[in-house]
Each structure stands twice: as C-alpha cells, then as structure tokens.
Engineer: 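One structure is given below, represented as structure tokens, and several questions about it will come after.
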There are 2 protein chains.
Amino acid sequence: MSSRSQTIADTLTRAIIDHRLVPGCKLGERELAEIFDVSRIVVRQALIRLADDGLAQIERNRGAFVARPSMQEAMEIYDALTLVEQGVAAQLSDRLGPAGWAELRQHVERQRQAVAAGNDALADVLGQEFHTVFVRLSRNKVMQEIHAQLVRRTTLLRSLISADFDYCNLLDDHSRVVDLLEKGRLKQAMDLIDTHHRTVVRGYIMDREVFPEMTPAEALAPYLDGKADGATISAGLRQAKPSGNGDGAVHAHVHLPNKDRASTSRASTKKTNRGLPT
Amino acid sequence: MSSRSQTIADTLTRAIIDHRLVPGCKLGERELAEIFDVSRIVVRQALIRLADDGLAQIERNRGAFVARPSMQEAMEIYDALTLVEQGVAAQLSDRLGPAGWAELRQHVERQRQAVAAGNDALADVLGQEFHTVFVRLSRNKVMQEIHAQLVRRTTLLRSLISADFDYCNLLDDHSRVVDLLEKGRLKQAMDLIDTHHRTVVRGYIMDREVFPEMTPAEALAPYLDGKADGATISAGLRQAKPSGNGDGAVHAHVHLPNKDRASTSRASTKKTNRGLPT
DNA sequence: AAATCATTGATTGGTATCCAATCTTGTGAT
DNA sequence: ATCACAAGATTGGATACCAATCAATGATTT
C-alpha cells in the first residue's frame, strides 16, 4: 500500500508508456485531481515524481506537461541505454551461470513464438521485456532502476517519433546477442547492442507534431475501473494493449507497414487540439 | 527561480552530502517545516524528491529518514558507478579531442597542487569533481545526471562506513586513468577504474551504528543564513566544507595517514561521534 | 516481576478552503 | 492588423482540520 501520489504517478507513467498521454500534453492539476478524485496536492506530488523520472516537465506557474525530449536528448538517452546494456553484457559474459543463459534463451524463444503466431502486440511487449530481463540478470537493483528509467524515457520518444526502418533486421538481435555472449565473443555482442540502438535511433524522425487525440480524462479512463490500487495498473495494461496496435501508439518493435503510419496522423488534428504550438 | 520544495530538497541534499544529516536521521515533516519556515506540504514534496533520488526513505505512516543503504546496496552503487565510468571511458578514448584531455590533465594538476599544499579539503573536493568532469566530457546530460545521482549516493555510504585502506595508492589513479586513455590503452584504464572503486568499497565496513550528534535544526542551520535562494547553497557549502576535514566525515579521496585515522575516530567520539565504531 | 494488552499521544497522509502571483486570453483602442 | 490592458484561469503555497496508524506509556494478568 504505497501512497496515493505514488499510485497516481504509476498510473500516469503507465498511460505515458502506453502512448495514451503523448509528449506535450498538458497535465493540469485540477483536471487530474477530478479524474483521480483526489486533492490537487496529491496530484502535484505525483507530477513531481514524474518530473524526477524525466517523464514530465514542470514549468513554473505554467504547470506540468508530458515531457517532449529533443532529438539531442533522444540520442543521449539511447547512448546511455547502450552504455548500460554494454556494461551489463560485459558483466554477464563473465559471471552468468547456465540458469541465466537458459532464462534469456527462453525469453527469446517466447518472443519468437509470438512473432510466429502473428501476435505482434505480445511480441512487442516481450521485445521490450528482454532488455529488462537482461539487466535483471546482473542482480544489481540500482542498475535495474536506472535502466528501467531509461527504457521508460525511450517509450516517450516513440510517441514523438516516426519509426522508419527495417524491423526485420532487429528481430533476431536479441537472440544473436545471447549467442555471442555465451560464446564469449563480448566485443561483437557489445557492437551488436550498439548497432541495435543506433539503428533504432537512426530511423527516428523528430520535429514531428504530435496531436493528442484524447483528453487526459479519456486517456486515463481505462486505468480507473476499480479503486486505485495495484490491480488498476494491470487492468489498464490489459485494456491499453490493443490500443498499442490500433491507434497512434507505435512501438519500435512492432512490425508496422507504412500505410498505417499515414492514417495515424490524420485522425489527430480534429478533436481537442491540445496539440503543441510550433 | 525553481519551486520552494526544490530548493529545500537541494538544501537537504547538500546537508546529506556534507554529512551533517547522517543515515537513519529522522526527517520529520513538522520539524523541517519549522526549520525552513514553510508548510508541511512543501516539506513533503521535498522529501518525495529526496526519496526519488535514493537519498531518503519514506516509510508509510512513519515518516522520512535519511537513507541507510545496506552493504549489498553499497556494492551495487559502486558497481553501477564503475559500469558508467568504464562506459564513459570507452567513449572518451574514441571521441575526446585535445581540449578534453587538456581539461582532465588540468584538473588532475590542480588536485596535485592542492595535495602538495596540504589543502586536504580542497584536494578532496577536486578528487570528487574529477569523476564529474570526466563524465561531463561525454557531453551526455542524461548520463551526467545518472552519474551525479550515483555519486551523491556514495557520499551517503561514506557516512555509514569506515574507510580502512591505503589512500596513497588511490591518489594517482586519476592521473593514470587519463594517461592510459590518451594512449589508447582502454582495457587497462577500465581495469584501473574497476580496481579504484573496488579498493574503496573493500575498505568499507558496514553494520556500524551512526549516531547523529545534531538535531536537523542544528545540522541545517548553516544553510539558512539568508533567504532560501541559490546563494544559500553555496553559503552552506562554504561553511560545511571545513567540517569534512574537522570531524569524522571522511571522504575516500582524502589523503589520510593511518595515525590521523586514529585521531580522527578519537575526535569523533568526542565531538560529534559520527565516527564509526569498529 | 515479567509479559501482555489497552489507552493515549504524536505523526503522517490526505482534504478543503483560501490567497497571492503569474500566465493566458479576450477585448478594446489605435 | 497590432498593441495594450483588464479579466479570468491556473499554479504555488498557507492554514486548518480530520482519519489512520505508529509509538510509548501505563494497566492488567499470570
């Protein structure tokens, strides 16, 4: 039972990760207070947490907004992610036992099955999760938290960004990294990790306008079915997952033909126009 | 002008870094509210920020305390720090230009002069700063922030810990790292970084009780001369710096002969008793 | 006397209301 | 059309208050 501001921060984080709250979206205190049915102060505390995580930006006397990282920051985040994962790779290549390698292989296999079954949404989640599992095997909670924070920020970028590269080449990277590491070819594995992220970030096109298609109230509705406790998050995740495929929420690991991209930006300009200036 | 809770969080952070607030110290809302002359709500927001930074721990319905990392966590923090600095080293060995190397050398030289002049306090600060400068040269703000956070947490450990190793060997590590990197001997530089941190952490002895000898009011007094704005921090730093040498707050980079260590722990039990038993 | 249980007090998490400062917006004058 | 200014809205913060929980004390029982 953590504090209410923490659960609200978690819910907002979830909503941002699910691309239901897009970069630049205004997070008004009064509005959120009504949505979550709490006082403004609790909301502000949640927003402080989000800002500390780099997911929101608080401008004095102007309020909080979902963070809108610059291209520069995007590259920095991916550089940091690369650095962390390369470091973890170096540690694992020395210290990881058979059980660890098995877990990694099992995860890759599950993702492969999801892809084979055409379940792109599941494959997407598993693809994300791989990196998390990878870092978890370092058995370093501090590192895990740093990594998780970076990963959350990359999901921000994916709202802001149009992925435009060949996903097929990335699909097997995880498997190959595991292979290389287990064979002790650390240098190659690290290069592959670097290439993996560089390929992702190179495909990004920034300076795109992002038009929120939902008010925060609509965006957050799926997370509020029951009372605001732990179950809320997973419930929200369950409902939000299809949206990751159906609306403008594009995950990098999703195989997404170009025609779908076009339809995404079309629907946006119409409704609420909380969209960003410039 | 950032929010008041931010400046209070900064002040508390400064006080923790200066070892005026020691691990386990209770940070009562009402007490801090009176000290800073603000409402409890602002204090709570500041405490949330500290907790997000890993410097405080908030226990539900019990309040906030200065974090008391376990030995496990201490090792994780140093592992993470090693990983980050090794990664940065790898980047710099490729990309750093002459100006960068010059800056590093200049910094090492300044520290050397401080040591030569017997100004241990300054040498200590410069020794800390070296790591920060090092990471800053990566020109990655995200990485800088992660690193700075880790460094702040290591200062926590130094309150909790008794350093018991040969400082002389560490004294030239910075210089040697720069040398190795500039010569392209990346592997050796990375090993040295690892050894550097391992030596530090190996000397640590945890499970020691830490007795705060000041109430938070006394601990925070130096930071409150003027109004609570930017100047407060540096004023506090100025006043707090000598304490890093005068009392039991031992920084790992300080050159400290063994005989002085004895006298240090002696003086500590008397004056402020931050000195750790064992 | 020691151990357990209950009451009391203090602290936290949170709400509601209020206020000043600032930002945004809409209106009016040029 | 542009600029200045007033009105409204929003934020940052203060104060007062309440419920829940923890801690400590004292009372009760063995």
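So you know, we letter chains A, B, ... as the sequences are listed, proteins then strands, and number each from 1. All figures in this text were calculated on a predicted structure; none of them were measured in a lab.
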Engineer: Among residues at least two apart in sequence or on other chains, which ones pass salt bridge (Lys or Arg N to Asp or Glu O under 4.0 Å) with R62(A)?
Structural biologist: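 For R62(A), the residues satisfying salt bridge (Lys or Arg N to Asp or Glu O under 4.0 Å) (neighbours in sequence not counted) are E59(A).
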
Engineer: Please report, rounded to the nearest Å, how far the C1' atom of dT15(D) is from the CD atom of E34(B).
Structural biologist: 14 Å

Engineer: Would you mind reading off the distance between L32(A) atom CG and dG12(D) atom P, rounded to a whole angstrom?
Structural biologist: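 Spelled out: CG on L32(A) to P on dG12(D) is 13 Å.
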
Engineer: Given H197(B), which of T82(B), D79(B), T154(B) fulfils the side chain to side chain donor-acceptor pair (under 3.5 Å) condition?
Structural biologist: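 One option only clears the test, and that one is T82(B).
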
Engineer: With Q57(B), which residues qualify under side chain to side chain donor-acceptor pair (under 3.5 Å), at least two apart?
Structural biologist: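 Partners of Q57(B) under the side chain to side chain donor-acceptor pair (under 3.5 Å) test: none.
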
Engineer: Roughly how many Å is it from CD in Q45(A) to P in dG13(C), rounded to a whole number?
Structural biologist: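 It is 9 Å, rounded to the nearest whole Å.
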
Engineer: Report, as a single string ordered 5' to 3', how protein heavy atoms within less than 4.0 Å touch nucleotides 15-21 of chain C: B base, S sugar-phosphate only, - not at all.
Structural biologist: SB-----

Engineer: How many Å lie between CD on Q57(A) and P on dT11(D), as a whole number?
Structural biologist: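 So the CD-P distance, Q57(A) to dT11(D), works out to 15 Å.
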
Engineer: Not counting sequence neighbours, which residues clear side-chain contact (heavy atoms from CB on, under 4.5 Å) with A64(A)? List them please.
Structural biologist: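 Partners of A64(A) under the side-chain contact (heavy atoms from CB on, under 4.5 Å) test: L27(A), L47(A), I58(A).
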
Engineer: Answer yes or no: is there an ion pair linking D10(A) with R14(A), defined by an N-O contact shorter than 4.0 Å?
Structural biologist: no

Engineer: E31(B): which residues meet the salt bridge (Lys or Arg N to Asp or Glu O under 4.0 Å) condition with it, sequence neighbours left out?
Structural biologist: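 E31(B) satisfies salt bridge (Lys or Arg N to Asp or Glu O under 4.0 Å) with no residue once adjacent residues are dropped.
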
Engineer: Send over the distance from R60(B) CZ to dT12(C) C1', rounded to a whole Å.
Structural biologist: 9 Å

Engineer: What pairs with R136(B) under salt bridge (Lys or Arg N to Asp or Glu O under 4.0 Å), at least two apart in sequence or on another chain?
Structural biologist: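 E103(B).
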
Engineer: Please determine if a side-chain N or O atom of K26(B) lies less than 4.0 Å away from the OP1 or OP2 oxygen of dT12(C).
Structural biologist: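 Result: yes.
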
Engineer: Checking R30(A) now: which residues fulfil salt bridge (Lys or Arg N to Asp or Glu O under 4.0 Å) with it, not counting sequence neighbours?
Structural biologist: none

Engineer: Return the value, rounded to whole Å, for the distance between atom CZ of R62(A) and atom C1' of dT24(C).
Structural biologist: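 Taking CZ of R62(A) and C1' of dT24(C), I get 9 Å after rounding.
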
Engineer: Reading nucleotides 4-9 of chain D from the 5' end, what letters show protein touch, with B for base, S for backbone sugar-phosphate only, - for no heavy atom under 4.0 Å?
Structural biologist: ------

Engineer: Using whole Å, what does the distance between atom P of nucleotide dC17(D) and atom CZ of R30(B) come to?
Structural biologist: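 Whole-Å distance recorded here is 13 Å.
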
Engineer: What residue pairs, at least two apart or across chains, pass side chain to side chain donor-acceptor pair (under 3.5 Å) with a residue in residues 138-149 of chain B?
Structural biologist: E85(B)-H147(B), E145(B)-R152(B)

Engineer: Just the rounded figure in Å: distance from P of dG12(D) to CG of L27(A).
Structural biologist: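 So the two atoms are 12 Å apart, to the nearest Å.
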
